[in-house]
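Each remark here refers to the structure printed beneath this line.
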Amino acid sequence: MTSPGAHGIDTPSLLSWFSGAGRPLPWREDGVSAWEILLCEVMSQQTPVARVEPVWRDWLARWPGPAELAAAAPADVIRMWGKLGYPRRALRLRECAAVVVEKFHGEVPTEVEDLLTLPGVGDYTARAVACFAHGQAVPVVDTNVRRVVARAVNGVAEAGPPSIRRDLAAVEALLPDECQEAVTFSVAMMELGALVCTARSPDCDACPLAASCAWVAAGRPAWDGPRRKAQTYAGTDRQVRGLLLDVLRDGDGTATAARLVAVWPDTVQRDRALDSLLADGLVVRTGERYSLPA
DNA sequence: GACTCGTGGAC
DNA sequence: TGTCCAAGAGT
């Protein structure tokens with residue numbers, strides 16, 4: 001599979017494609033700080049990039065760096081997070097800012113090992129920051145990269161269940177040695193997965209890897225592995241949590257129990273959702289009222 | 001590993 | 001209309 005013409009990632013074609021087709025996202029501009037990149041990576045976890053951009057700008061205008069964020073009230077942080085989803089990320093981000101200030105002298109760490117100690121920073125985000133903010137040639141594996149590798153290298157339609165060790169090893173083997181090229185490689189792989197090699201309807205006619213793609217060569221066979229569990233939402237605790245928090249987020253940050261009762265009829269589920277919000281620190285109870293944490 | 005945790009756009 | 005899915009992390 002290492003001989004010329006073998007299937008896999010045609011890196012020169014990939015990089016050429018990216019230079020012309022990559023989106024001009026604001027955090028890709030020169031001079032963007034490591035903190036600003038960390039912020040956009042956390043906001044982008046499971047959230048479409050297009051929805052992140054305006055929140056990222058507003059957020060940085062209010063809290064330019066970790067010191068400012070660490071000093072902010074949780075209620076304001078939750079409100080500024082808006083409707084990006086998974087609001088626990090907002091609280092973790094504030095905790096992350098505090099750790100950066102207290103343990104790393106206000107500077108975003110450069111080593112993956114140190115980045116992994118930050119709240120809300122996991123295997124993807126740690127390597128994304130090390131690579132995109134600090135220029136390190138470390139493998140960056142997100143859902144896009146996993147899908148592109150599955151198709152172009154392995155010749156299958158989907159990536160299958162994630163495995164950190166296996167996925168990192170697979171991408172490590174593809175990563176260019178030189179730092180600058182490695183950084184562009186990772187951005188380009190993610191961008192290709194986001195724009196061309198998409199989950200639902202890959203546009204192979206527009207793909208710079210089509211000529212070298214193992215999946216295309218095999219005739220784009222359908223996925224015969226395990227089907228991902230359908231991601232339900234309606235009727236789940238997640239939906240109820242969202243409805244409850246929405247009441248507090250949109251108002252003055254406080255509401256009576258009766259106001260919250262109105263958003264969901266099932267007492268058991270509503271109480272369970274509210275308890276979990278309290279446990280997460282997204283909501284606090286003061287007497288008869290519920291509020292965002294001051 | 002399996003499960004939980006929001007929100008909204010695309011088809 | 002309902003299903004799928006999106007720059008994952010924590011337990």
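Note on naming: letters A, B, ... go to the chains in the order of the sequence lines (proteins, then strands), and numbering restarts at 1 for each one.
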Within the structure shown, what part of the strands sits under 4.0 Å from [X] by heavy-atom distance: base, sugar-phosphate, or nothing?
X      : result
A:L245 : nothing
A:V52  : nothing
A:L25  : base
A:P161 : nothing
A:G85  : base
A:S201 : nothing
A:P162 : nothing
A:T236 : nothing
A:R227 : nothing

Next on the checklist: Need to verify one output field. Residue with the more 5' nearest nucleotide on DNA chain B, A:S163 or A:Y86?
Outcome noted: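 Comparing both residues, the 5'-ward one is A:S163.
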Checklist entry - For A:P119 and A:R228, take the nucleotide of DNA chain C holding the closest heavy atom to each; which residue's nucleotide lies nearer the 5' end? => result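 Result of the comparison: A:R228.
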Item to check | Donor + acceptor pair across side chains of A:R289, A:T256 (<3.5 Å) | outcome: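 Judged by distance alone, the side chains do not pair up.
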The side chain of [X] is closest to which nucleotide in this list: [options]?
X      : options               : answer
A:Q46  : C:dA7, B:dA10, C:dG8  : C:dG8
A:D142 : B:dG6, C:dG8, C:dC4   : C:dG8
A:Q45  : C:dA6, C:dG8, C:dT3   : C:dG8
A:A199 : C:dA7, B:dG6, C:dA6   : C:dA6
A:T143 : C:dA7, C:dT3, B:dG8   : C:dA7
A:R200 : B:dG8, B:dC5, B:dA10  : B:dA10
A:R92  : C:dA7, C:dG10, B:dC11 : C:dG10
A:R238 : C:dA7, B:dG6, B:dA10  : B:dG6
A:Q231 : B:dT7, C:dC5, C:dA9   : C:dC5

Item to check | Charged N-O contact under 4.0 Å between A:D246 and A:K83 | outcome: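 Between A:K83 and A:D246 there is a salt bridge, with a charged N closer than 4.0 Å to a carboxylate O.
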Checklist entry - Quick one: do A:V140 and A:I164 end up in the same hydrophobic cluster if we chain Ile, Leu, Val, Met, Phe, Trp and Tyr together by side-chain heavy atoms under 4.5 Å apart? => result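 Hydrophobic grouping puts A:V140 with A:I164.
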[N] OP1/OP2 closer than 4.0 Å to side-chain N/O of [X]:
X      : N     : value
A:T125 : C:dA9 : yes
A:Y124 : C:dA9 : no
A:R147 : C:dA6 : yes

Checking the side chain of [X] only, and the main-chain atoms of [Y] only, is there a donor and an acceptor separated by less than 3.5 Å?
X      : Y      : value
A:E172 : A:L168 : no
A:D167 : A:S163 : yes
A:R89  : A:Q45  : yes

Next on the checklist: Measuring only the C1' atom in each nucleotide, how far is B:dG6 from C:dA6? A whole number of Å is fine.
Outcome noted: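 Straight-line distance between the two C1' atoms is 12 Å.
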Next on the checklist: Taking B:dG8 as the reference, what is the distance to C:dT1 when you measure between their C1' atoms (whole Å, please)?
Outcome noted: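 15 Å, rounded to whole Å.
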